[in-house]
2 protein chains.
Amino acid sequence: MSERIDWKELRNRRMAEPGAAEAHEATRIAYELGKTVRTMREERGWSQSDLASRAAMTQSAVARFEAGGTVPTIPVLERLARALDADVEVRLTPRAPAA
Amino acid sequence: MSERIDWKELRNRRMAEPGAAEAHEATRIAYELGKTVRTMREERGWSQSDLASRAAMTQSAVARFEAGGTVPTIPVLERLARALDADVEVRLTPRAPAA
DNA sequence: CCAAGTCATAGCGTTGATGCTATGGACATG
DNA sequence: CATGTCCATAGCATCAACGCTATGACTTGG
């Protein structure tokens with residue numbers, strides 16, 4: 001620990017690593033969620049700071065999240081969802097049954 | 001760090017804490033997911049060890065997860081989902097528009 | 001009764017997400 | 001230009017999830 005790399009590069013790196021199939025997925029999910037939240041936030045005309053205070057976090061945390069800087073944890077999603085008057089849905093859906 | 005309490009009690013505690021609205025939700029989600037995975041696993045007639053090896057983790061990790069011992073992270077869900085031939089869905093769904 | 005398989009937990013080191021503060025740049029506005 | 005707002009990032013501390021090993025309780029089959 002001490003590689004000292006910014007998470008933008010970190011993300012790209014994650015996508016490229018071998019055996020990063022799931023990591024890739026998680027990163028993609030993080031990205032999607034970030035976009036979703038950003039959209040919902042903007043729809044409400046809130047600044048990152050506004051959302052941050054409503055979700056009991058800081059502006060920087062919101063920025064990091066929206067940029068997909070880290071794969072969010074469920075508790076954080078809950079807080080953001082609440083602030084945005086939404087619900088979090090986490091499910092495992094069986095993949096298309098063998099055709 | 002060093003309270004030294006088992007997570008069964010930890011969970012109950014989480015549910016009771018003040019301002020634990022989101023934490024409660026997260027805990028509930030963890031519980032639901034655990035049950036879902038257990039069901040899917042049993043449907044396939046796999047032991048926790050079987051699933052563990054397929055998901056690149058240990059039996060104890062699977063047990064902890066199924067019991068809702070911790071709020072799982074998305075990467076872990078991915079690995080389990082893959083092992084179970086499923087997909088992970090994480091979404092923020094706008095709550096019912098004011099009636 | 002003994003052996004093997006299954007599941008639950010404890011304990012502990014590691015790692016990564018989160019919390020926070022402090023900047024810096026971009027943009028508007030006076 | 002001086003201010004103020006908004007967003008992006010760096011850097012660091014802390015905490016909880018994870019990974020793993022080792023048991024213990026139970027069940028089942030010899």
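Values below: every heavy atom of this structure, side chains too, minus hydrogens, waters and symmetry copies. Below, chain A is the first sequence line, B the second, and so on; all start at residue 1.
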Next on the checklist: Under the criterion side-chain contact (heavy atoms from CB on, under 4.5 Å), I'd like the reasoning laid out for A/V37 against A/V62: C-alpha separation, chi angles, the key distance, then a yes or no.
Outcome noted: CA-CA 9 Å; A/V37 167; A/V62 172; 5.6 Å; no
Next on the checklist: If you apply the rule side-chain contact (heavy atoms from CB on, under 4.5 Å), what do you find for A/R91 with B/R91, and how did you get there?
Outcome noted: CA-CA 9 Å; A/R91 290 195 312 224; B/R91 291 197 310 225; 4.1 Å; yes
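Residue-level contact check: B/V62 touches neither bases nor backbone, having no heavy atom under 4.0 Å from any strand.
Between A/F65 atom CZ and D/dT9 atom P the separation is 16 Å, expressed in whole Å. Protein atom CZ of B/R64 is 14 Å distant from nucleotide atom P of C/dG11, rounded to whole Å. Taking atom CG of residue A/L51 and atom C1' of nucleotide C/dT18, one finds them 15 Å apart after rounding to whole Å. The separation between B/E66 atom CD and C/dC7 atom P is 8 Å, rounded to whole Å. Atom CD1 in A/I74 sits about 21 Å away from atom P in D/dC15, given to the nearest Å. Separating the CH2 atom of A/W46 from the P atom of D/dC7 is a distance of 13 Å, rounded to the nearest angstrom. B/R38 places its CZ atom 8 Å from the P atom of C/dC7, with the value rounded to the nearest Å.
When the nucleotides D/dC20, C/dG19, D/dA8 are ranked by their closest atom to the side chain of A/Q48, D/dA8 comes out on top. Listed nucleotides: D/dC18, D/dC7, D/dG19. Nearest to the side chain of A/S47: D/dC7.
Using a cutoff of 4.0 Å between basic side-chain nitrogens and carboxylate oxygens, B/R44 and B/E42 are not scored as salt-bridged. Under 4.0 Å is where a charged nitrogen must lie from a carboxylate oxygen, and between A/E66 and A/K35 no such pair does.
Distances shown here put a side-chain N or O of A/R41 below 4.0 Å from the OP1 or OP2 atom of D/dC7. Here B/T58 does not reach the OP1 or OP2 of D/dT21: none of its side-chain N or O atoms lies under 4.0 Å away.
Side-chain to base pairing of B/Q59 with C/dA8: one donor and one acceptor N or O lie within less than 3.5 Å of each other. On a pure distance criterion of 3.5 Å, a polar donor-acceptor pair joins the side chain of A/S60 and the base of C/dT21. Applying the 3.5 Å distance criterion, the base of C/dT18 shares no donor-acceptor pair with the side chain of A/T73.
A 4.5 Å side-chain heavy-atom check between A/L92 and B/D87 finds every atom pair outside the cut-off.
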